[in-house]
Amino acid sequence: MNKVRKVPMRMCVVTREKWPKNELIRVVNTANGVIVDPTGKVNGHGAYLKKDLEVFEKAKKSKVLNRVLETTVSDELFDELKQILN
């Protein structure tokens, strides 16, 4: 019998929708600052964003990542997120 694997679901901090983990990008607050975590395995407090340019823009404008990660998120991080989509 084939076992059906459970797909891990995570919530986007901007849209508040649940999505499969592989459709989201994880942003992590580490000891060295805020980074994009493509592996999903970096230690630290993480937040998920849907892989969508509009979502990134809303996150930047509303400063939702600053609140969720309890730190200041740089504009360079948002530029890095946009690079991932392209």
Can you measure from OG1 (Thr30) to CD1 (Ile35) and round to the nearest 0.5 angstrom? 5.0 Å
With hydrophobic residues grouped by side-chain heavy-atom distances under 4.5 Å, do Leu53 and Val27 end up in a single group? yes
Passes side chain to side chain contact (heavy atoms under 4.5 Å, CB included), Leu49 versus Leu65? Steps please. CA-CA 9 Å; Leu49 293 171; Leu65 287 178; 3.9 Å; yes
Could I get the full list of side chain to side chain donor-acceptor pair (under 3.5 Å) partners for Arg10, not counting sequence neighbours? none
Does His45 use its side chain to pair, donor to acceptor, with the backbone of Glu70 at less than 3.5 Å? no
Is it true that a side-chain atom of Lys50 and a backbone atom of Val13 form a donor plus acceptor pair closer than 3.5 Å? no
Determine the minimum heavy-atom distance between Asp52 and Leu85, stating which atoms define it. C-CD1, 3.8 Å
Over all heavy atoms of both residues, which pair between Thr71 and Val34 is shortest? Give the atoms and the distance, please. CG2-CG2, 3.4 Å
To check you understand the geometry: which heavy-atom pair defines the closest contact between Phe56 and Leu81, and what is its length? CE1-O, 3.5 Å
If only atom types and distance count, is the side chain of Asp75 paired as donor or acceptor with the main-chain N or O of Asp79 below 3.5 Å? no
Can you list the residues that meet the salt bridge (Lys or Arg N to Asp or Glu O under 4.0 Å) rule with Glu57, with sequence neighbours excluded? Lys82
Mind checking whether Val14 and Val68 sit in one hydrophobic cluster, side chains of I, L, V, M, F, W, Y counted as touching below 4.5 Å? yes
I'd like to know if Val73 and Ile84 are part of one continuous hydrophobic network [Ile/Leu/Val/Met/Phe/Trp/Tyr, side-chain heavy atoms within less than 4.5 Å]. yes
Do other residues, nucleotides or ligands put more than 12 heavy atoms under 6.0 Å from Lys58 NZ? no
Once you round to the nearest 0.5 Å, how far does SG of Cys12 lie from CD of Glu23? 11.5 Å
Test side-chain contact (heavy atoms from CB on, under 4.5 Å) applied to Ser62 - qualifying residues, sequence neighbours left out: Val64
Distance-minimising heavy-atom pair for Met11 and Tyr48: O-CB, 3.7 Å
Can you name the closest pair of heavy atoms from Lys21 and Gly40 and give their distance? NZ-O, 4.2 Å
Give, for atom CD of Glu17 and atom CG of Leu24, the distance between the pair rounded to the nearest 0.5 Å. 10.0 Å
Mark yes when over 12 heavy atoms from residues, nucleotides or ligands other than Asn43 sit less than 6.0 Å from its CG; otherwise mark no. no
Taking all heavy atoms of Leu69 and all of Gly46, pick out the closest pair and write down the distance. CD2-C, 4.0 Å
Report yes or no: do Ile25 and Trp19 belong to one cluster of Ile/Leu/Val/Met/Phe/Trp/Tyr joined by side chain heavy-atom distances under 4.5 Å? no
Do any N or O atoms from the side chain of Asp37 and from the backbone of Val42 form a donor-acceptor pair under 3.5 angstrom? yes
